[in-house]
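First, the structure itself, so that you have it in front of you.
All heavy atoms count here, side chains included; hydrogens, waters and symmetry mates do not.
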Amino acid sequence: MVQIIWEFSVHPGRIQEFETTYGNNGDWAAFFRRSPHFHGTSLLRHTDHSNRFLTIDLWDDRASFDAFKHQNETEYTSLDLRCEELTGEEECIGTFESV
C-alpha cells in the first residue's frame, strides 16, 4: 500500500467547499473509488492555520494510481481544473509506503 500526500492552502472563503470536495465522501474520493485499487482518503486540517490541509490517498501501489490517472486523464484534468479555484497553492508532498 502507498499513501499519496498533498498539501493545500485554501482560499478563506472556500474552506467549506474544499472540505466537501476533498473529504472522504467528496468528489475526488468518489472519482477514485471507481478503481478497486483505491482504499480511501483522509483529509487533515492544520490546527494553527485553518486554511492549510493535507489529503492522504491510499492505493495498492503507485502503478495502480498512475494507470487509473492515465485511463481517466480527461476527467482527472477536468476535476483538477475545477478544484484549482478553491486553493492558492497545492503541492504533492510525495508517495509514501509503510515500513
Side-chain angles (χ1 to χ4, degrees):
M1 295 278 221
V2 297
Q3 298 178 47
I4 303 172
I5 302 175
W6 285 81
E7 180 177 19
F8 299 89
S9 175
V10 179
H11 295 303
R14 308 299 293 272
I15 290 173
Q16 185 172 2
E17 185 178 357
F18 178 87
E19 290 175 351
T20 300
T21 302
Y22 283 84
N24 195 42
N25 293 312
D27 296 345
W28 280 106
F31 175 56
F32 290 152
R33 268 196 287 279
R34 291 193 225 162
S35 171
H37 305 286
F38 174 70
H39 300 283
T41 292
S42 295
L43 178 61
L44 307 171
R45 181 178 43 227
H46 195 287
T47 58
D48 295 327
H49 305 281
S50 63
N51 71 319
R52 289 184 58 206
F53 291 84
L54 294 178
T55 60
I56 303 172
D57 300 320
L58 187 61
W59 288 81
D60 283 342
D61 50 49
R62 181 63 193 240
S64 296
F65 169 74
D66 289 342
F68 178 84
K69 183 177 175 183
H70 178 72
Q71 292 166 355
N72 298 279
E73 186 173 355
T74 300
E75 191 170 351
Y76 183 99
T77 300
S78 176
L79 182 55
D80 189 47
L81 287 172
R82 182 171 57 87
C83 293
E84 278 184 3
E85 67 187 36
L86 304 175
T87 63
E89 297 178 30
E90 67 179 75
E91 177 184 358
C92 183
I93 302 300
T95 302
F96 297 83
E97 61 186 3
S98 298
V99 293

* Of all heavy-atom pairs between Asp60 and His39, which one has the smallest distance, and what is that distance? ->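 Smallest interatomic distance, heavy atoms only, reads OD1-NE2, 2.5 Å.
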* Asked: Would one find more than 12 heavy atoms of other residues, nucleotides or ligands at under 6.0 Å from atom CD of Glu85?
  ->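 It does: Glu85 CD has more than 12 such atoms within range.
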* Taking everything shown except Glu97 itself, do over 12 heavy atoms lie less than 6.0 Å from its CD? ->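 Not more than 12 within 6.0 Å, no.
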* Looking at side-chain heavy atoms only, is the closest gap between Cys92 and Ile4 below 4.5 Å? -> yes
* Structure fact -> One should read off an interatomic distance between Leu54 CG and Arg45 CZ, to the nearest 0.5 angstrom, of 12.5 Å
* Side chains of Arg52 and Ser9, donor plus acceptor under 3.5 Å ->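 Their side chains do not contain a donor-acceptor pair, so the 3.5 Å distance test is not met.
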* Asked: Would you call Asp27 and Arg82 a side-chain contact if the rule is heavy atoms closer than 4.5 Å?
  ->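 Yes, side chains in contact.
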* Give, for atom OG of Ser98 and atom CE of Met1, the distance between the pair rounded to the nearest 0.5 Å. =>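 These two atoms lie 8.5 Å from each other.
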* Asked: Hey, are the side chains of Asp80 and Glu90 touching, using non-hydrogen atoms and a 4.5 Å cut-off?
  -> yes
* Asked: Is a side-chain donor or acceptor of His11 paired with a backbone partner of Gly13 at a separation under 3.5 angstrom?
  ->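 No: the side chain of His11 does not pair with the backbone of Gly13.
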* Asked: Does Leu79 reach the side chain of Cys83, with side-chain heavy atoms less than 4.5 Å apart?
  -> yes
* How about Ile93 and Trp6: do any of their side-chain heavy atoms sit closer than 4.5 Å? -> no
* Please examine the side chains of Phe18 and Leu43, heavy atoms only from C-beta on, and report whether any two atoms are closer than 4.5 Å. => yes
* Would you check if there is a donor-acceptor pair between the side chains of Asp61 and His37 at a distance under 3.5 Å? => no
* Do you see a donor-acceptor pair shorter than 3.5 Å between the side chains of Asp57 and Thr41? -> yes
* Asked: Does the ring centre of Phe31 sit less than 6.0 Å away from the ring centre of Phe38?
  -> no
* To do: Look at the rings of Trp59 and Phe68 and say which category their plane angle falls in: under 30° parallel, 30 to 60° tilted, over 60° perpendicular.
  => tilted
* To do: List the atom of Arg14, the atom of Leu86, and the distance in Å for their closest heavy-atom pair.
  => NH2-CD2, 3.4 Å
* Looking only at non-hydrogen atoms, find the nearest pair between Gly23 and Ala29 and report the distance. => O-CB, 3.8 Å
* To do: Identify the two heavy atoms, one from Arg33 and one from Asn25, that lie closest to each other, and give their separation to 0.1 Å.
  =>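 Arg33 and Asn25 have their closest heavy atoms at NH2-CA, 4.0 Å.
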* To do: Could you grab the distance from atom CZ of Arg62 to atom OG1 of Thr95, nearest 0.5 Å is fine?
  => 3.5 Å
* Asked: Looking at Glu75 and Arg34, does any basic side-chain N land under 4.0 Å from a carboxylate oxygen?
  ->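 Counted as a salt bridge, because a side-chain N and a carboxylate O are separated by less than 4.0 Å.
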* Asked: So, do Phe53 and Glu19 sit near enough that their side-chain heavy atoms are less than 4.5 Å apart?
  -> yes
* What do you reckon, are the aromatic ring centroids of Phe8 and Tyr22 less than 6.0 Å apart? ->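 Phe8 vs Tyr22: aromatic centres under 6.0 Å.
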* Asked: With respect to Glu17, which candidate in Thr21, Ile15, Thr20 satisfies the side chain to side chain contact (heavy atoms under 4.5 Å, CB included) definition?
  -> Thr21
* Val2 vs Phe96 side-chain heavy atoms within contact, under 4.5 Å -> no
